[in-house]
Amino acid sequence: MKNFDINKIRADFPILKRQVNGKPLIYLDNGATTQKPSKVIDAIVSYYTDMNSNIHRGVHYLSQISTDAFEVARRKVQSFIHAAHEYEVIITNGTTHSINLVANCYGKAFVHAGDEVIISAMEHHSNIVPWQMLCDEKGAKLKVIPMDEHGVLDIEVYKELLSDRTKIVSITYVSNALGTINPVKEIIKLAHERNVPVLLDAAQAVQHLKIDVQELDVDFLAFSGHKMYGPTGVGVLYGKEKWLNAMPPYQGGGDMIKEVTFEKTTYNDLPLKFEAGTPNIEAGICLANAIDYIEEIGLDQIKAYEDELLNYATTRLAEVEGIKFIGTSAQKSSVISFVIEGVHPYDVGVILDKLGIAVRTGHHCAQPVMDQFRISGTVRASLAMYNTKEEVDSLVEGVKRAVNMLK
């Protein structure tokens, strides 16, 4: 990590200089959203100062430069995830939008009564509910890959679940509640042996791990800008060209059409076919700046640093009396979820907040995970490249203090 300068990185994030409740902010809620570097913040201001205009529709100068910048961002995403074509990159408003788009459009075209959809026991609600809705509408069945007490999926059961009735597999790359990194390449390979497409929810992966959609051979990939140091309100759906062309559009309106009459509408080519209406232009453009920032540091270096920090934090937190970690897979990303015997997670979160430490408490939009572990929720500390061992030390002391106060 010779080029990884933690002090320089922290200086790039203005919010890290502020105080909360009279204490220096320690931000450990990165799984919910990451903070933004000056590079992204400045780009947002620059957009509204210098080029604000609608895109794809105007011949005037501002519309042209805004359109160009938006399409540059699309190509930036293409390069970042190694998509074969830029038109395989659909700009959405986030991971949830992307998954709903596939559930609706792919589901409308390919899922029928008696068919099956496979998800896993560790999914975020946004990768459960759209498929439930589809199955209810179509008379299909939702199948769930179980996981063990460590938060590891049972691949042998997954093999048994796959059948000629399986129409799609939709799985998280990294669990937001447990930190588990799933063996997605194997999951995809097994599905493809039965000609079943796979969607990966990469919301918790794209900021931590290098992703090559062609090497993975994944059919769909969804992620959000705000979890990778970019703006809120923008996300990406990658889809293989053959599937996107075979799917009907999700919404009707401007940009997604070639020609409209009262008798018939002709849909636009990819990617505009799935981009009805005015998008979040500013966020779409500034997503490119977030990608630039990540690539300047390097995902290999980011992962190496975060892995070291995760190991350190896990070791230090193990000192806390009565702690139990929820999610102990050998393959983990930067999430530590835990409960403390006799102490409610919410109370721990409130006390930590008084110390300027931001963590997440509750079920993390993964209630089935909590049900399996027979708990109502956890305390979740999710790490990013700008966190430090000193911040982890403060977290540990804060948790110990909370335990002493609450027990």
Side-chain angles (χ1 to χ4, degrees), residues 56 70-71 73-111 117 119 123-124 126-131 133-134 167-174 184 188 197-207 211-214 216-228 230-253 255-256 267-281 283-285 287-288 290-291:
H56 296 147
F70 195 84
E71 294 306 321
R74 192 190 307 276
R75 291 192 290 275
K76 191 82 67 175
V77 172
Q78 176 198 355
S79 174
F80 187 61
I81 62 173
H82 302 280
H85 308 287
E86 65 184 83
Y87 52 77
E88 293 178 317
V89 175
I90 311 300
I91 304 299
T92 67
N93 63 28
T95 306
T96 299
H97 180 195
S98 297
I99 295 172
N100 274 273
L101 191 159
V102 177
N104 278 268
C105 301
Y106 177 88
K108 183 182 293 185
F110 295 104
V111 178
V117 173
I119 60 172
E123 299 306 319
H124 188 282
S126 62
N127 202 29
I128 300 174
V129 180
W131 302 111
M133 294 168 68
L134 173 66
K167 292 301 178 183
I168 191 167
V169 175
S170 190
I171 205 90
T172 186
Y173 198 147
V174 175
V184 294
I188 294 165
V198 177
L199 182 151
L200 285 184
D201 172 357
Q204 301 290 340
V206 72
Q207 69 276 48
I211 293 179
D212 185 328
V213 294
Q214 293 188 79
L216 287 172
D217 197 25
V218 69
D219 301 277
F220 301 101
L221 183 92
F223 60 91
S224 299
H226 73 97
K227 295 182 190 290
M228 53 182 292
T232 56
V234 67
V236 168
L237 172 65
Y238 158 79
K240 285 183 178 176
E241 180 181 8
K242 69 172 184 177
W243 292 119
L244 295 177
N245 278 329
M247 288 158 45
Y250 184 38
Q251 296 173 315
D255 257 15
M256 54 76 65
Y267 303 136
N268 215 332
D269 297 327
L270 297 176
L272 297 181
K273 171 184 170 183
F274 293 102
E275 295 181 4
T278 299
N280 189 339
I281 301 167
I285 290 171
L287 179 60
I291 291 172

One pair to check against salt bridge (Lys or Arg N to Asp or Glu O under 4.0 Å): Asp219 and Lys242. What are the steps and the verdict? CA-CA 9 Å; Asp219 301 277; Lys242 69 172 184 177; 5.2 Å; no
Kindly determine whether Lys240 and Val213 satisfy side-chain contact (heavy atoms from CB on, under 4.5 Å), including the steps that lead there. CA-CA 9 Å; Lys240 285 183 178 176; Val213 294; over 6 Å; no
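Remark: of the listed residues Leu287, Thr92, Thr95, Leu287 is the sole one forming a side chain to side chain contact (heavy atoms under 4.5 Å, CB included) with Val236. Among Val89, Ile291, Ile285, the single residue meeting the side chain to side chain contact (heavy atoms under 4.5 Å, CB included) criterion with Lys76 is Ile291.
Within the 4.5 Å cutoff, side-chain heavy atoms of Glu71 are placed close to those of His56. The side-chain heavy atoms of Phe223 and Ile81, taken from C-beta on, include a pair separated by under 4.5 Å.
Put simply, OG on Ser98 and CZ on Phe220 are 11.0 Å apart, with the number rounded to the nearest 0.5 Å. Distance check: Leu101 CG to Leu244 CG gives 8.5 Å after rounding to the nearest 0.5 Å. Between the CG atom in Asp255 and the OG1 atom in Thr278 there is a gap of 7.5 Å [rounded to 0.5 Å].
Checked by atom type and distance alone, the side chain of Glu86 never pairs as donor or acceptor with a backbone atom of Arg74 at under 3.5 Å. Distance alone, capped at 3.5 Å, is enough to place a donor-acceptor pair between the Asn127 side chain and the Ser170 backbone. Listed for the Tyr106 side chain is a donor-acceptor partner under 3.5 Å among the backbone atoms of Lys167. Under a 3.5 Å cut-off, the side chain of Glu123 and the backbone N or O of Ile128 do not form any donor-acceptor pair.
Take His97 and apply the ring pair (Phe, Tyr, Trp, His ring centres under 6.0 Å) test, not counting sequence neighbours, and it matches Tyr250. Judged as a ring pair (Phe, Tyr, Trp, His ring centres under 6.0 Å), and not counting sequence neighbours, the contacts of His85 are Tyr87.
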